[in-house]
Amino acid sequence: GNYFNADDVPEAFKTILTLFPIWGAYRGFLDYAEYGFQAARKGTDGLQWSDLNDDPRVGMDTVLVTLAVESVLFLLVALYLDQVLHTGHGVSAHPLFFLGFKAAVDSEAKDEE
């Protein structure tokens, strides 16, 4: 069955699971699938934007907000790691570079200059 639409599962637990991107996508696909099956059986429309607020069983609003916030968060983490981790190209920044800290200069690099 559809775990996310079960009545005996607390909404807070569903939301916590949605924080993990794979479960958020899973929950979103389940909502689309359930509305699609209902539409095929009844000959009606599937999931509509108005259903996000009207139907309490729809968790798509939580999924969309969570994935939007996570995409910005993951982008910032990727940009930070790109600056801090040594990849063999360029100079790595200090882990706290955004607070004004400077990376220590390697003594071998100074000698080569």
Side-chain angles (χ1 to χ4, degrees):
N2 187 343
Y3 176 77
F4 283 106
N5 283 341
D7 293 332
D8 58 340
V9 178
E11 188 64 32
F13 185 69
K14 295 178 193 178
T15 302
I16 289 171
L17 273 181
T18 305
L19 293 176
F20 297 96
I22 190 68
W23 287 108
Y26 178 72
R27 185 176 184 184
F29 289 140
L30 283 177
D31 278 348
Y32 278 132
E34 181 158 331
Y35 269 83
F37 291 140
Q38 287 179 6
R41 272 195 311 258
K42 297 178 184 177
T44 60
D45 293 329
L47 185 62
Q48 303 290 318
W49 285 107
S50 60
D51 295 331
L52 297 180
N53 293 327
D54 297 340
D55 191 347
R57 294 183 316 131
V58 176
M60 189 60 72
D61 53 347
T62 304
V63 170
L64 292 174
V65 168
T66 302
L67 291 177
V69 169
E70 285 177 345
S71 65
V72 171
L73 178 70
F74 291 149
L75 174 68
L76 293 174
V77 169
L79 291 173
Y80 172 78
L81 291 176
D82 187 47
Q83 292 293 314
V84 173
L85 295 179
H86 179 67
T87 60
H89 302 286
V91 177
S92 299
H94 189 278
L96 299 175
F97 71 92
F98 54 89
L99 296 177
F101 287 90
K102 304 270 188 218
V105 178
D106 191 11
S107 61
E108 291 178 16
K110 262 187 171 178
D111 293 340
E112 290 176 7
E113 292 176 359

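Since the model is a prediction, treat every value here as computed from it, not as a measurement. FYI, the numbering just counts along the sequence from 1.
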Are Tyr26 and Val9 linked, directly or through other ILVMFWY residues, by side chains that come within less than 4.5 angstrom of each other? yes
What distance do Thr66 atom OG1 and Leu17 atom CG have between them, rounded to the nearest 0.5 Å? 11.0 Å
If hydrophobic clusters are built by linking Ile, Leu, Val, Met, Phe, Trp and Tyr wherever their side-chain heavy atoms come under 4.5 Å apart, do Phe37 and Tyr35 end up in the same one? no
Which heavy atom of Met60 sits nearest a heavy atom of Gly28, and at what distance? CE-O, 3.2 Å
Counting only heavy atoms from other residues, nucleotides and ligands, does the tally under 6.0 Å from CG of Leu73 exceed 12? yes
Are Leu79 and Phe74 connected in the hydrophobic side-chain network, where two residues link if heavy atoms are under 4.5 Å apart? no
Once you round to the nearest 0.5 Å, how far does OG1 of Thr18 lie from CZ of Phe13? 10.0 Å
Within a 6.0 Å radius of atom CZ on Phe20, are there more than 12 heavy atoms belonging to other residues, nucleotides or ligands? no
Supply the members, apart from Val72, of the Ile/Leu/Val/Met/Phe/Trp/Tyr cluster built from side-chain contacts under 4.5 Å; use none for a lone residue. Leu76
Nearest 0.5 Å, please: how far is CD in Gln38 from CG in Asp45? 12.5 Å
Determine whether Leu19 and Val77 fall in the same hydrophobic cluster, where Ile, Leu, Val, Met, Phe, Trp and Tyr are linked whenever their side-chain heavy atoms lie under 4.5 Å apart. no
The complete set of salt bridge (charged side-chain N to carboxylate O under 4.0 Å, His left out) pairs with one or both residues in residues 19-29, sequence neighbours excluded, reads Glu11-Arg27
Straight-line distance of Trp49 CH2 to Leu64 CG, nearest 0.5 Å: 5.5 Å
If I take atom OG1 from residue Thr62 and atom CG from residue Leu67, how far apart are they, to the nearest 0.5 angstrom? 10.5 Å
Starting from Ile22, can I reach Ile16 by hopping between I/L/V/M/F/W/Y residues whose side chains sit under 4.5 Å apart? no
Taking all non-hydrogen atoms of both residues into account, name the closest pair between Gly24 and Val63 and its distance. O-CG1, 3.3 Å
